[in-house]
Each structure stands twice: as structure tokens, then as C-alpha cells.
2 protein chains.
Amino acid sequence: MVVYAGQGDPQRTLALLWRASSAGPARPARGPKPALTVDAILNAAIAVADESGLDGLSMRAVGERLGHTAMSLYTYVPTKRELIDLMYDQAHAGLARTEPSGGWRAETEAWADDLQACYLRHPWLLQVSHARPVLGPHEQAVLERVLRVLGPAELPSATVRAVVSSLFSLVRGSAQSIAEARSAAGSTGTPDQEWWSLRSRLMREIVPDFAERFPHSTLLAAQPPPDGADQWERMARDAFTGGLAILLDGLERHSTSG
Amino acid sequence: MVVYAGQGDPQRTLALLWRASSAGPARPARGPKPALTVDAILNAAIAVADESGLDGLSMRAVGERLGHTAMSLYTYVPTKRELIDLMYDQAHAGLARTEPSGGWRAETEAWADDLQACYLRHPWLLQVSHARPVLGPHEQAVLERVLRVLGPAELPSATVRAVVSSLFSLVRGSAQSIAEARSAAGSTGTPDQEWWSLRSRLMREIVPDFAERFPHSTLLAAQPPPDGADQWERMARDAFTGGLAILLDGLERHSTSG
DNA sequence: TCACAATACCTTATGTCGTAAGGAGTTTCA
DNA sequence: TGAAACTCCTTACGACATAAGGTATTGTGA
């Protein structure tokens, strides 16, 4: 289930996200020197989430990975929700920056590929709601890049908003499909084709009138998909490149400099 | 966080999803008459989730709403995960069926609007991963409808797959934005404009060099957005209709009968 | 008719979680 | 040289999913 953005003290959250020193001195006057930093905690938490998913992400697990207790984290981070918000932003720091020179269309595709790769490196990102009211610096940088890339297309601002939002949806949705394909393949261990034919047999047994009730679905399923052990991931990838191409085709109509 | 599809006994899950009687007799030979049904449990669970979100959905809450205990549910449903899978499918049963007569484009838009409305009626749907290996009957019906609607466009099957997957991503992504806008508006109680200007003031304080670091983002934010108390939801809706239009524009290039 | 098998639902128990409360030790300022 | 301010810890609490097993209820076969 999606973790929604934390709703604690917005000032504190913002300051943490942007690592601002304005909301308090950098080092408090008295007391022992902190053994941890927010960044160290984020790295540990991201490592835990990469290994065990969001379900495996507990305050205890993060604390232990740092040689500390769960409670020690609360000195640096108000709640688990805010920790996840910070992780979400931090994970976007690792985004590659492939910038081909081939016009805005190629650059947009490169941006989408980079973002998708980031999601697939940290699949738990897909379990965190992205529809957040405020962005952290790294998410903001991702947004800034696609806006810069789309600049030469000279689109009206409403179109820019629409296309950027659509691009995020496409990248995220396809990454979800790919991640699900991988997780299914990994957890069952059986190649996709075998798994698929088993599923079909079961369906024929349980829903014998499927073909009559869902003729269009049946027809589409009969069309040749890509084959191979990773056919599910391949299909998801093809759907992504195809969908992106269609969207950008449509966009070229609106662009003054196609 | 996203709840992934349950991975229990796939036969049992499939049989439950499709309410198949093939995996066991409809009424067991002996024993007390069941006081509940899977459908009653699903309706109660959906009501709980509609009221309190997925976070508020506990086996106890569902059981108590039915005048029973949490454990009694386990007679009908193997785990909470499978319950959520069943809820996910069931919620799609309430999808409206607006079918204008204006060609595949208008019908596709109507389908997208209906699906988005369904997501917004049950926002917790957006917290459940949709990238599931098997569909229930109601999800399948939603898919079937868009395939039927797209039929007259006479697209190659790879294109159909791409556009359908993109459509789902777009609808889901926009619904997420709208739901987030509503939840923010509902929880703070302040009109969007006020909230937004407060946020801007905070940002100027915490990240004074924002405009230099993110010139394109700054420029876009300065473009006039729709105004009003619900400006955030309006923006998300505009982005959706705009993105959908762009996608369908692109699709018309591929269609033999535009 | 009656014992028993099969079942529904319950109480209880276990282990996990986030995090509140408050204590002990450390560092720096007055 | 206190004492304030801080970090980190132990302990505790209530919520959660769900395992284990008990009890009551129903229909079947003798």
C-alpha cells in the first residue's frame, strides 16, 4: 500500500528535505556529539529497503544496520513517515544523466529511461505515493531537467504541465509493471512461459466461458507476444516505449519546432 | 505503501476472485451454516477502506462492522492480502458505463473518465499495486471495455498493448494527484491559494536560491494556473485531459480509421 | 435415533511494529 | 562547578496479523 507523504510540522520536514540550517543552528550548543547523521540514516534505510522492500523497512532494522537502536533514529527524524519522505527524495539523487544531442524528443526519451532505471534500482519507490505537495531537492532536479529538455519545443504552459504529468505517470506505471514481472519471476523461479501456461490452464478450468465473456481480451492474448524467459518484462518494456512514442507523436503536433 | 498481490495458493485465490464453485462444493456437507459470505465481507471491508483508508483497514475493524471477530474472517479469506485483492476487484464492479456515440476517441475518453471516477470513489485503490499477474472478473471487464472501444481504430496488437497500458497509467496517475489534492485540502482545511502562498514563503526562507537553481521550474510556477479554492484539483484535472488528448492525438497517426 | 465427522466462530497467545516516557551519560556554557 | 542541553538507551504500551486450539452447531451414516 502506498505510504502517503507525512503531515507533521511542514517547516521541519521542509528543512530536513533541503538540509537547511536556517531552522536551528548546525550544531547545538551543548550535549554529546551526534554519532549519526541524517544522510547516514537515509543510506542505511535505503539499503534496507533495497534488500527487503518497504515491508522489511522497520526502524529497528535501520537502527541495527547502523549499530544503534530504533529509538536513536528519532533524534534525527521525527517519524517513520518523514524518514520515507526523505528516502524518497534521496533515492532520486542516483538518477543517471544521459543527455544525447538529438533534439528534445531524444532527450525526453533519455530522461524517461533514466527515471525508469532509478525506479527499478529502488522498486520500493513505486510503493510511495509520488503525488506529494512538496518536492525535495533531488526530485526537483528531476523535474527541472525534463522542463529544461522540453524548453525548445516551445509549448504553452498548460501543455507542459499536461505532458510532464503524463510522462511521470507513464514512467511510473511501466516501472511498476516491470518490477512486478521481476518479482513474480524471482519468487516463483519458473520461467514466464511455464508460469503463464499454468495460469491459462487454471483459468480454463475455473472460468470455462472466458472466451465468450471477454472476446477482445481473448483475441489480444492470442496475438504473438515476444517470447523468451523474460517475456513479461519484455512486454512491459515494449508497452512503455510504444506508449512514450505515441505520446511524443501527439506532442509534436503542439510543438512549434517539431 | 503499495500492497502487492498476494502470493498464496493461486488456485484458491483465482477461485475466490471468480467465485468459482469448481474448487469445492458450494455448501459443505456438515457443520453450522455460515453467517457470513465473501461478498458481505468485501462490502464491509470496502466500506471501512472508503471511510478510513487502507491504514484504517484492519481485520478487527472489518469483523466488528459485521458483528463478528477478526478471526471469523479467516474462514472465508486466507489472509489480509487476499482480502485486499478481492476488494480491489470488487471495487471495479461499481464502474459507470458512459458510452457516448462519437467514435472510438470519445468512447475512450468516456472510459477513462469512468475509471478515474471509480478510483476517486475508492481512493485506497490507488494504494494497491495494479500491476497484478491475474485479473478478477471486474477488472477484466474494465480491460475488455477499452479493448472493445479501441477495436474500430484497427491498431496493431503491439500498439493496442502500448496504448492500453498508457491509458491505465494516465488515469491512475492523475487520480493519484487529484486524490492527494483533495486529501491535502481536507486535512488542512485551508483553501489552496492560502496554503500555497504559505508554502512559497517557507520555501523562500529555507531555499533562498531556488530561482537560480531551478529556473525552469520557477518559470512554470509563475505561469497563471487556474484559480479558485480547488486550484490544485483543477490543475490535476487539466493535466489529465491535456495528457489524454495528446496521447490520443498521437494514436490517430497509427489508426487506419482516424 | 444417535455418535461422530466436519465446520463456523470464538478466546487466547505470539511476535512484530511504531513510538511515548523517562533515565543515564556526555558536552558546553554561565 | 553546577546545571542546562543534548544523545542514546531501556522499558513499556497498544495495535496489528495470525497461529493454535477450544466449543458449539450441523448433517451424515450406523
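Sequence lines set the chain letters: A, B, ... in the order given, protein chains first and strands last, and positions in each chain run from 1. What you are looking at is a predicted structure, and each value in this text was computed from that prediction instead of being measured. Worth knowing before you read on, the calculation uses all heavy atoms, side chains too, and leaves out hydrogens, waters and symmetry mates.
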Starting at [atom1] of [X] and ending at [atom2] of [N], how long is that distance when rounded to a whole Å?
X: B:Met59; N: D:dA19; atom1: CE; atom2: P; value: 10 Å
X: B:Arg30; N: C:dA6; atom1: CZ; atom2: P; value: 6 Å
X: A:Leu57; N: C:dT16; atom1: CG; atom2: C1'; value: 14 Å
X: A:Glu64; N: C:dT16; atom1: CD; atom2: C1'; value: 12 Å
X: A:His68; N: C:dG25; atom1: NE2; atom2: C1'; value: 15 Å
X: B:Leu36; N: C:dT7; atom1: CG; atom2: P; value: 17 Å
X: B:Arg81; N: D:dC16; atom1: CZ; atom2: P; value: 18 Å
X: A:Leu66; N: D:dC8; atom1: CG; atom2: P; value: 11 Å

May I ask you to say whether [X] pairs ionically with [Y], meaning some side-chain N is under 4.0 Å from a carboxylate O?
X: B:Arg19; Y: B:Asp39; answer: yes
X: A:Arg121; Y: A:Asp50; answer: no
X: B:Arg234; Y: B:Asp192; answer: no
X: A:Arg182; Y: A:Glu233; answer: yes

Which sits closer to the 5' end of DNA chain C, B:Lys33 or B:Arg60, going by the nucleotide each is nearest to?
->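 The residue closer to the strand's 5' end, by nearest nucleotide, is B:Lys33.
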Taking only the side-chain heavy atoms of [X] (C-beta and beyond), determine which of [options] contains the nearest atom.
X: A:Met71; options: D:dC9, D:dC16, C:dC10; value: D:dC9
X: B:Pro32; options: D:dT10, C:dA8, D:dA17; value: C:dA8
X: B:Ser58; options: C:dA8, D:dA17, C:dC17; value: D:dA17
X: A:Tyr74; options: C:dT28, D:dT18, C:dT19; value: C:dT19
X: A:Ser72; options: D:dC9, C:dT19, C:dC9; value: D:dC9

Derivation and outcome, side chain to side chain donor-acceptor pair (under 3.5 Å), residues B:Gln176 and A:Ser129 = CA-CA 8 Å; B:Gln176 245 154 34; A:Ser129 167; 5.6 Å; no
DNA chain D: B:Ala70 or A:Thr75, which has the more 5' nearest nucleotide?
->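 Result of the comparison: A:Thr75.
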Will you find, in the side chains of A:Ser217 and B:Gln140, an N or O donor that is under 3.5 Å from an N or O acceptor?
-> yes
Give a yes/no answer on whether the side chain of A:Thr69 brings an N or O atom under 4.0 Å of OP1 or OP2 in D:dC9.
->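 Yes, A:Thr69 has a side-chain N/O under 4.0 Å of OP1/OP2 on D:dC9.
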Does the side chain of B:Lys80 get closer than 4.0 angstrom to OP1 or OP2 of D:dA17 through an N or O atom?
-> yes
Could you list all the salt bridge (Lys or Arg N to Asp or Glu O under 4.0 Å) pairs where at least one residue sits in residues 65-75 of chain A, not counting sequence neighbours?
->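 Non-adjacent pairs meeting salt bridge (Lys or Arg N to Asp or Glu O under 4.0 Å): A:Glu51-A:Arg65.
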Give A:Leu73 one of three labels, base, sugar-phosphate or nothing, depending on what nucleic acid heavy atoms sit under 4.0 Å from its own.
-> nothing
Student check: side-chain heavy atoms of B:Ile84 and B:Leu57 closer than 4.5 Å = yes
Output the residues of residues 39-48 of chain B in contact with DNA chain C, where contact means a heavy atom of the residue under 4.0 Å from an atom of the strand; sort by number or write none.
-> none
